[in-house]
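What follows is a set of notes on a single structure, which appears directly below.
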Amino acid sequence: AQSVAQPEDQVNVAEGNPLTVKCTYSVSGNPYLFWYVQYPNRGLQFLLKYITGDNLVKGSYGFEAEFNKSQTSFHLKKPSALVSDSALYFCAVRDGNSGNTPLVFGKGTRLSVIA
Amino acid sequence: GAVVSQHPSRVICKSGTSVKIECRSLDFQATTMFWYRQFPKKSLMLMATSNEGSKATYEQGVEKDKFLINHASLTLSTLTVTSAHPEDSSFYICSARDTAAGGLVTEAFFGQGTRLTVV
């Protein structure tokens, strides 16, 4: 079984400062990892994914994430936060060995970027 | 990327009535679609896996007779909330992957979500 932990319900950061949203995962097979962002009353928008290859993955809107196998983590980062980055962020995992299976999501982290 | 369209975005219905939510893959075919429910300030809870041409697979605790899923074509899955009650009020989201384009490594794309309010 897969699971995802996002230990922070809320992250506050000043505009222009770097941001980190934490995620750890558990999967029995091959981890496929994803980050999504959700704005109020909207669906989820894909930011980035790790499947294989370089541990540092770059995605949309200047976000990046680093896959760390030993720590089973996939933290989302951005060097300089914008007010418009304020939203709900979800980390998700899928077992790459298990076919077309659904994503398992973390509980979400609300990011507030303060001007 | 691939586009998943969900309709309606918002619906208010009376208790006891049924509501149908549509999920369409606009530029790809999806043999499998997923339906999620999101409670306020909570994560997405997988309700069921919708399979084109066959019965949906429901997660434990989800009433299949209450949440009817039909996946009649490769681009359309519908979720019908039957005899809705106020406790069914929630945000429902569908998703699908374009497995033909990217194989199983491709990311899932999500509909815009449907805010259901049962009064």
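Labels below follow one simple rule: chain letters A, B, ... track the order of the sequence lines, proteins then strands, and each chain is numbered from 1. Quick caveat: nothing in here was measured; it's all calculated off a predicted structure.
- Among all heavy-atom pairs drawn from Arg42(A) and Phe91(B), the shortest one is O-CE2, 3.4 Å.
- For the set Thr114(B), Ile93(B), Leu46(B), the entry with the most heavy-atom pairs within less than 4.5 Å of chain A is Leu46(B).
- Surrounding CZ of Arg115(B) are more than 12 heavy atoms belonging to other residues, nucleotides or ligands, all under 6.0 Å away.
- In the hydrophobic clustering of this structure, Val21(A) does not group with Leu56(A); members are Ile, Leu, Val, Met, Phe, Trp, Tyr whose side-chain heavy atoms approach within less than 4.5 Å, directly or through other members.
- For residues 80-88 of chain B, a heavy-atom distance under 4.5 Å to chain A picks out no residue at all.
- At most 12 non-hydrogen atoms from other residues, nucleotides or ligands lie less than 6.0 angstrom from NZ of Lys20(B).
- Cluster annotation: Val37(A) is not connected to Phe109(B) through the hydrophobic network of ILVMFWY side chains, with a link wherever side-chain heavy atoms come within less than 4.5 Å.
- The main-chain N or O of Ala108(B) is found under 3.5 Å from a side-chain atom of Tyr36(A) such that the two form a donor-acceptor pair.
- Neither Val57(A) nor Tyr32(A) shares a network with the other; the hydrophobic side chains, linked directly or stepwise wherever heavy atoms of I, L, V, M, F, W or Y lie under 4.5 Å apart, form separate groups for each.
- Heavy atoms closer than 4.5 Å to chain B are found in both the backbone and the side chain of Phe105(A).
- Between Leu103(A) and Arg97(B), some side-chain heavy-atom pair lies under the 4.5 Å cut-off.
- Summarising the local packing, NZ of Lys66(B) is surrounded by more than 12 heavy atoms from other residues, nucleotides or ligands at distances under 6.0 Å.
- Neither the backbone nor the side chain of Gln45(A) comes within contact range of chain B; no heavy atoms are under 4.5 Å apart.
- Tyr39(A) OH: more than 12 foreign heavy atoms inside a 6.0 Å radius.
- For Gln38(B), the part lying near chain A is the side chain, with the backbone staying farther off; criterion is any non-hydrogen pair under 4.5 Å.
- Using a 4.5 Å cut-off between side-chain heavy atoms of Ile, Leu, Val, Met, Phe, Trp and Tyr, with links allowed through other members, Val27(A) and Leu76(A) fall into the same hydrophobic cluster.
- Contact detail for Phe90(A) and Leu44(B): the closest heavy-atom pair is CZ-CD1, 3.8 Å.
- Leu44(A) and Leu33(A) fall into different hydrophobic clusters, where Ile, Leu, Val, Met, Phe, Trp and Tyr side chains are chained together by heavy-atom contacts under 4.5 Å.
- Heavy-atom pairs under 4.5 Å with chain B were tallied for Ala92(A), Gly43(A), Pro102(A), Gly108(A); the largest tally goes to Pro102(A).
- Remark: Lys49(A) NZ to Glu107(B) CD distance equals 4.0 Å, nearest 0.5 Å.
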